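What follows is a short report on a single structure.
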Amino acid sequence: MSKVRVRFAPSPTGLLHIGGARTALFNWLYARHTGGTFVLRVEDTDQSRNTQEAVDVIFRGMRWLGLDWDEGPDGKGGFSGDRGPYFQSQRSSIYAQYLEKLQSGGRTYEDGGALKFRMPKTPGVVKDLVCGEVTFDRTMEPDLVIRRKDGSPVFHFVNVVDDLEMGITHVIRGEDHLTNTHKHIALYEALGATTPQFAHIPLILNQGGSKMSKRDEGAALGFYEEAGYLPAAVRNYLCLLGWSPGANEEILPVEELIKRFELTKINRSNARFDGDKLFWMNGEYWRSMSDGDFRKFTQEFLQRTRPEASQMDAKMREGLLKIMREKVRTGRELADWMDPYLTEEYEYSAESRKKQFSNPDAAKLLGMLEAGFASLGGGMDEANAEAVCKRIAEEAALPKPAKVIHLLRAAVSGRTVGPSLFALLVVLGIDRVKARLLRTKKLLEAGQLGVTA
RNA sequence: GGCGCUGUCGUCUAGAGGCCUAGGACAGGUCCCUUUCAAGGACCAUACACGGGUUCGAAUCCCGUCAGCGCUACCA
């Protein structure tokens, strides 16, 4: 059997669609599974949308997901592979040759300035690896325009020519192309070529149940990079849409996914995109990352989204990251949790004002806490910090230390949720904790921590 | 409208005639833990679209109905 050659052929629209990313992934998995070749071809024939930025989005998305390609543009102006060019915009002479070939074979005719291909009226049979054998009645099938009045060749034609020229053995693409495939096969046959194998994979639907469109939240792969998702998690999740690695298994290392991936095991029914599950899965990957990977990831993410974080005391930053890590699932959440520590002028959330600072005893308790921590001298650890809270709760005759603890959290962070409190206090250090207590007390007494709308 | 694909818990899926009183995961609920939110542990609830066949036996095969989606461009 000849070596497998598959391709991903996106068009530069300005974003890499999540469905496209999944198509790329399936092609990549199949290439890696079979030891074949993965080709990237850019279908940049729509000049109005085609910009360098839009093309870069594709490269960036592919790299981010870890989908390396063996042939195609290298993203730096060069390319690899000997079946190029890999931009359709540079292949006009090839299309012209094939157009001529078809014309000289007498399979075309001109109509209204366009060139049309005479569709055979015999039944069109598509043997699909996923959908099985699908037959189309073509007795009423109109002839296919293959070259427009302006001289440019149309998608169906160039797509076939490119796959043919590039020696593609398996066309793995979205199911929205299934009903067009018999036209492509007719073209292959008219060109005297053998057809590749086809595998039409189910579509990814939005929450509403229709094909994911650019307008849907999270439809662009870049969304997940920006939100601080881990590429391995997104890749793993995407695998599960339309394919399953086996009973009761979902989270698997990429090597294992490659090993198990089979085109014939792909589902036939469309799948809805479930952001909640991706979020959960990201959390699984997040927690199992090595310390080194975590450090590298957070450093890069914070550099991009919270450049101020680099000004922070290194020890405190490391300490915060460590205690936050176990409670958040994405980079964006982490960055958000970092905000109260980027400045001493931190904000107080509406929730904290309502739940904690509206308590008439709050100022008094904050004063007691400040004094309590001051009495610790220099050394604070989780145990004696907890002891201070318990002691003050008793002195104030509160039923539970939790009352004090929640107020304390709100005072030092301005939030009602956050990392494990005593660990947080230790990371902040006794001086900063005292200063924050004082600041909060002052604002409270000045009437500036009232409930906001 | 025509054609095509699909139809298992709310969602993603396991299931290729008996192993299914249908399994797992996310989401949801209850409880435990507990310092909030998480995380973790225990448990609960929820599905074979419907109707006919075939068969000793059907979620699995066939037909019909219904539903969803897609295609039907001188877009890609």
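Just so you know, these numbers come straight off a predicted model, no measurement behind them. A note on names: the letters A, B, ... follow the listed sequences, proteins ahead of strands, and every chain is numbered from 1. Just so it is clear, the values below take in all heavy atoms, side chains as well, and ignore hydrogens, waters and symmetry mates.
When heavy atoms are screened at a 4.0 angstrom cut-off, A/D176 is found touching the sugar-phosphate backbone but no base atom. Residue contacts shown for A/H200 are absent, as no nucleic acid heavy atom lies under 4.0 Å away. Residue-level contact check: A/D111 touches the bases, meaning some heavy atom is under 4.0 Å from a base atom. Within 4.0 Å (heavy atoms only), A/A114 reaches at least one base atom of the nucleic acid. Using a 4.0 Å heavy-atom cutoff across all strands shown, A/K211 reaches sugar-phosphate atoms only and no base atom. Contact annotation for A/G174: no contact, since no heavy-atom pair falls under 4.0 Å across all strands.
With sequence neighbours left out, the ring-ring contact (aromatic ring centres under 6.0 Å, His included) criterion links A/F223 to no other residue. Taking A/K277 as the reference, A/E250 meet the salt bridge (charged side-chain N to carboxylate O under 4.0 Å, His left out) condition, with sequence neighbours excluded. Remark: A/F26 engages A/F261 in a ring-ring contact (aromatic ring centres under 6.0 Å, His included) (not counting sequence neighbours). A/A190 is linked by a side chain to side chain contact (heavy atoms under 4.5 Å, CB included) to A/L102, A/R107, A/F117, counting only residues two or more places apart in sequence or in another chain.
Taking 4.0 Å as the cut-off between side-chain N and carboxylate O, A/E110 and A/R147 count as a salt-bridged pair. Note on A/D143 versus A/K121: salt bridge recorded, some NZ/NE/NH1/NH2 to OD/OE distance being below 4.0 Å. By the 4.0 Å N-to-carboxylate-O rule, A/D111 lies close enough to A/K116 to be salt-bridged with it. A salt bridge is defined here as a Lys NZ or Arg NE, NH1 or NH2 lying under 4.0 Å from an Asp or Glu carboxylate O, and A/D162 with A/R83 fails to meet this definition. Ionic pairing of A/E386 and A/K390 is present here: one or more N-O contacts between side-chain nitrogen and carboxylate oxygen are shorter than 4.0 angstrom.
If you check B/rG17 for Watson-Crick or wobble pairing at under 3.5 angstrom, you find it has no partner at all. In this structure, B/rC37 makes no Watson-Crick or G-U wobble pair, since no nucleotide meets both defining distances under 3.5 angstrom. Here B/rG10 sits opposite B/rC26 as a Watson-Crick or G-U wobble pair (both hydrogen-bonding atom distances under 3.5 Å). Base pairing of B/rA49 is made with B/rU65, judged by Watson-Crick or G-U wobble geometry with both donor-acceptor distances under 3.5 Å. Nucleotide B/rC71 forms a Watson-Crick or G-U wobble pair with B/rG2, both donor-acceptor distances falling under 3.5 Å.
For A/N267 and B/rU13, the shortest distance from a side-chain N or O to OP1 or OP2 is below 4.0 Å.
Position along RNA chain B of the nearest nucleotide to A/E133 versus A/Q207 favours A/E133 as the more 5'-ward residue.
For the C1' atoms, the distance linking B/rA47 with B/rA22 amounts to 9 Å, nearest Å. Rounded to whole Å, the P atom of B/rC43 lies 14 Å from the corresponding atom of B/rG23. Look at the C1' atom in both B/rA59 and B/rU54: the space between them is 16 Å, to the nearest Å. Spacing between B/rG41 and B/rA49 at atom P, rounded to whole Å, works out to 33 Å. Here, B/rU60 and B/rU13 have their C1' atoms 16 Å apart, quoted to the whole Å. Comparing the same atom, C1', in B/rU6 and in B/rA76 gives a spacing of 24 Å after rounding to whole Å. Atom P of B/rU65 sits at a distance of 13 Å from the matching atom of B/rG4, rounded to the whole Å. A gap of 14 Å separates the C1' atoms of B/rC9 and B/rC44, to the nearest Å.
The one candidate from A/L241, A/L178, A/L129, A/I266 that meets the side-chain contact (heavy atoms from CB on, under 4.5 Å) condition with A/I201 is A/I266.
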Please tabulate the protein-to-nucleotide N/O contacts below 3.5 Å involving nucleotides 2-4 of chain B, giving atom names and distances.
none

In 5'-to-3' order, the base (B), backbone-only (S) or no-contact (-) status of each nucleotide in nucleotides 23-42 of chain B, using a 4.0 angstrom heavy-atom cut-off, is BBBB--------BBBBSS--

